[in-house]
Structures are given as structure tokens and as C-alpha cells.
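Any value given below was found using the heavy atoms of this structure, including those in side chains, with hydrogens, waters and symmetry copies removed. Every chain is numbered from 1, with letters handed out A, B, ... down the list of sequences.
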Amino acid sequence: MASPVEQFTIKPLVPIHVAGIDLSFTNSSLMMVAAVLLPATFFWFATARRTVVPGRLQSVAEILYEFIANMIRDNVGKEGMKYFPYIFTLFVFVFLGNMIGMLPYSFTFTSHIAVTAALAVAIFIVVTIIGFAKHGTHYLRMFFPHGAPLATAPILIPIELISYLSRPFSLSVRLFANMTVGHIMLKVLAGFVVALGIVGGLMPFAVVLGITVLEFFIAALQAYVFTILTCIYLNDALNMH
Amino acid sequence: MTRPDETPGPDEIAARLAKVRARDNAGTTAGADGPQGRGQAGSGLGIGMRISIELVTTVAVGGALGYGLDVWWGSAPAAMVVCLLFGGAAGVSNAYRVVKGLDDSVGLGGAIARKETKEGNKSRGQSG
Amino acid sequence: MEAEAAKMIGAGLAAIGMIGSGIGVGNIWANLIATVGRNPAAKSSVELYGWIGFAVTEAIALFALVVALILLFAA
């Protein structure tokens with residue numbers, strides 16, 4: 001039987017080598033392209049005939065829009081709506097990445113730390129740039145709480161700074177660990193079903209069913225958490241308490 | 001009121017939305033924000049996983065930062081020791097945030113103060 | 001014995017110190033849970049001490065980690 005981590009191997013589909021760098025089009029890239037094209041075509045059709053009373057497709061598009069728009073309004077405020085396209089794209093990309101991974105024989109690109117770290121580091125850099133662009137060097141003031149005694153500064157500032165710097169890592173590791181652990185667990189339990197045969201396999205099969213439902217929930221939840229943390233970080237940069 | 005064929009401006013839409021939301025939320029406020037805040041969404045397993053991730057990543061970031069500073073300043077191992085300890089402190093403070101359901105914005109003291117004001121408002125709203 | 005090998009062995013030995021910290025953290029939370037289970041009203045006053053104890057015990061693990069990392073990277 002294949003090992004439980006075999007599902008995460010990256011297989012090049014179209015080998016491309018440019019100047020010694022491997023730029024092959026892999027199964028991971030294929031899934032990412034799917035996660036971009038699928039919502040793009042969906043929103044193309046959903047907004048093709050805009051009506052006051054929305055049809056089925058338009059309703060789904062509007063619910064998604066409202067969901068993210070409310071998230072930004074609640075966590076960032078009105079000025080955060082400027083960044084709506086980025087956050088919306090992020091949510092749809094991560095959500096579909098997790099969901100496509102739940103299809104049998106497909107590939108979960110969010111189970112690779114390279115992908116999640118790229119997303120999280122991009123968010124971190126963008127948020128930091130926004131913070132400095134909006135507040136200038138005053139942005140550094142954020143690391144020292146108002147009203148705290150000045151003597152505590154040498155301790156508090158490094159702690160908050162490290163806490164700030166660890167954001168992209170905890171953001172990426174959380175998504176990556178959740179997806180990887182879930183898929184390994186599914187694979188191992190599914191292996192029990194095959195190994196134990198028809199009678200003995202019933203019990204693990206029921207467990208696998210339950211875990212699959214849980215995995216769908218976690219896939220949605222992690223996309224939500226990823227997006228809402230982006231909103232909170234953006235709020236820090238824009239509003240600076 | 002605008003005629004339907006006239007496009008309403010964004011301000012007007014916002015005002016209308018606020019009106020509708022105020023009406024919708026009137027009956028459902030108690031259910032909307034129960035004790036299960038956003039920070040505590042998910043099971044105990046999820047919280048435990050988050051705590052361990054926070055503890056490990058902050059210490060790792062502190063260690064990496066200190067190692068980088070050491071290479072830069074040639075002060076091995078002083079910066080790494082100090083940064084590792086700060087990383088541990090940051091990890092504990094982040095774990096505290098996760099357990100207490102505080103928000104993840106910068107500044108632990110500010111997060112505690114914001115949660116207290118939020119809960120103070122809520123309890124006042126329920127009693128009043 | 002080669003110095004490089006001795007470093008690695010030393011780092012491994014230093015990391016053993018984290019066992020004690022692990023036991024300590026487990027002890028703190030176990031006792032905290034037991035206390036809150038017996039007397040739920042004490043939760044708010046006991047919780048703070050729990051966090052302080054956790055932080056201090058965690059710092060001991062960090063000392064072990066510091067020694068191990070110094071041996072690996074700095075020494």
C-alpha cells in the first residue's frame with residue numbers, strides 16, 4: 001500500500017527548465033490554476049446577467065460577497081473595503097485549495113508549506129508596507145503600549161516585535177498543519193478499511209465517513225481563519241490602536 | 001426614496017444596509033455573540049493545536065532572529081540567548097491570547113483592555 | 001572523539017532537560033484543572049497563578065533549548 005504521505009508528492013506534468021531552475025508545471029500548479037479559473041468562470045457567469053432580483057448563481061455570488069464584505073467591515077472598518085479584492089481573492093483561493101484537495105485523486109496545494117508560507121509572507125509584507133505608508137515611523141509606536149511604564153520598554157518591545165514577526169509563520173503553519181494532518185489521518189484510516197476486509201472494515205469506514213465530514217468543516221474553517229487573521233492584521237496597520 | 005432605475009450612491013446604500021441590519025439584529029443579538037467568540041472557534045483539539053503552533057513558532061522565530069543578529073554582529077551566542085528567551089515570552093503571551101479568546105492584534109495589554117470594554121458593554125447592555 | 005560529534009551529543013544531552021519542564025507544565029495544568037473542578041468559583045483567582053507557573057516552567061525548557069542551540073550553532 002502506498003505510504004500516507006505519498007499524496008503530497010509533487011509530480012511534474014510539463015517539465016520546464018529555465019537557466020538551471022526547475023519551473024515545471026506540476027500537479028500542484030495545475031490545482032492552483034484550477035482554483036483560479038474555477039471561481040473566475042463562476043463569477044463571470046454569475047454576474048453575466050445582473051438583475052435586481054438575483055437568480056441562483058447571482059445569489060451565491062452575492063452571499064459570498066456579503067460574507068467577506070461583512071468580515072472586513074466588522075474587523076477593519078470602512079476604509080478596509082479598499083482591500084476587498086485582495087482579501088476576497090485570498091479567501092476564494094485558500095477555500096478552493098482546501099476543497100479541491102478533498103476530491104479523491106486530487107492534490108491539496110495548501111498542504112505544502114511553500115504555498116501557505118508564500119501567501120502568509122506576502123500578507124505580512126503588504127500589511128507592514130501599508131502600516132508604514134499610512135503612519136510613517138509612527139507605526140513603530142505600536143510595539144509599545146500607551147501608558148505602560150517606560151522601564152518595561154526593553155522587555156515589552158522585543159516580545160511584541162517577535163510576536164509580530166512570528167505572524168506569517170504561525171499563519172502559514174496553522175493552515176499547512178491542519179490540511180496535512182487531516183489528509184494523513186484520512187489516508188491511514190482508509191488504509192484500515194482496506195486491511196480489515198468487509199466485516200472488520202465497517203467500523204473504520206464509519207470513522208472515515210465522520211472524519212471526512214470533519215475535514216470538509218476544517219477546510220472551510222481554516223480558509224475562514226486565514227482570511228479573518230488577514231483582516232485583523234490589516235486592521236492593525238490601518239487603525240493602530 | 002429613489003426611483004428604481006436611478007442608481008443609489010454608496011453612502012445611501014450604506015445607510016440602508018445599516019437600517020436593515022439594525023432591524024435584523026434587534027432580536028438576535030444574544031445568539032450572535034455567545035461565549036464562543038471567534039478566537040475560540042473550533043474544538044479543544046483545535047485550540048490545543050493552535051497553542052502548540054504558537055509556542056513553537058514564536059520560539060523558532062526568536063531563535064532565528066537571534067542567530068541572524070549573532071551572524072551580523074559576531075556576538076555569538078549572546079543575541080540568540082536573549083532572543084530565545086524573548087521568543088519564549090512571546091509564545092506564552094500568544095498562548096494566553098488563544099486560551100482567553102483575545103484578538104490577535106499587536107499589544108497584549110491592548111487586547112485585554114479591548115476585551116474587557118467589549119464584555120463590560122455587553123453585561124451593561126444585558127442588565128439595562 | 002571528534003569535537004563535532006561531541007557537540008551533537010552534548011546538544012542531545014542538553015535537550016533532555018526539557019523532560020523536567022514537560023512534567024512541570026503537565027503538573028501545573030493538571031493541578032489547575034483539579035482545583036477548578038473542586039471549586040469552580042476559584043477559577044479567576046487561580047488562573048493567573050497557573051499562567052505565571054506555566055511561563056516560568058516554560059522558561060526552564062528554554063534554558064535547555066538555549067544550551068542545546070549554543071552547542072549546535074555557536075560553540
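In terms of heavy-atom pairs under 4.5 angstrom with chain C, the leader among Ala95(B), Gly87(B), Gly91(B), Gly66(B) is Ala95(B).
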request  = Quick one: do Asp70(B) and Phe73(C) satisfy side chain to side chain contact (heavy atoms under 4.5 Å, CB included)? Show the steps, please.
outcome  = CA-CA 10 Å; Asp70(B) 270 340; Phe73(C) 293 113; over 6 Å; no

task = Start with the C-alpha distance between Tyr67(B) and Leu69(C), add both sets of side-chain angles, then the distance that settles side chain to side chain contact (heavy atoms under 4.5 Å, CB included), and finish with yes or no.
result = CA-CA 10 Å; Tyr67(B) 185 70; Leu69(C) 287 181; over 6 Å; no

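Looking at every heavy atom in both residues, Gly88(B) comes nearest to Leu62(C) through CA-CD1, 3.3 Å. Val92(B) and Trp51(C) get closest at one heavy-atom pair: O-CZ3, 4.1 Å.
When the heavy atoms of residues 54-65 of chain B are compared with those of chain C, the residues falling under 4.5 Å are Leu55(B), Val59(B), listed by number.
In this structure, the side chains of Met80(B) and Ile70(C) come closer than 4.5 Å at one or more pairs of heavy atoms.
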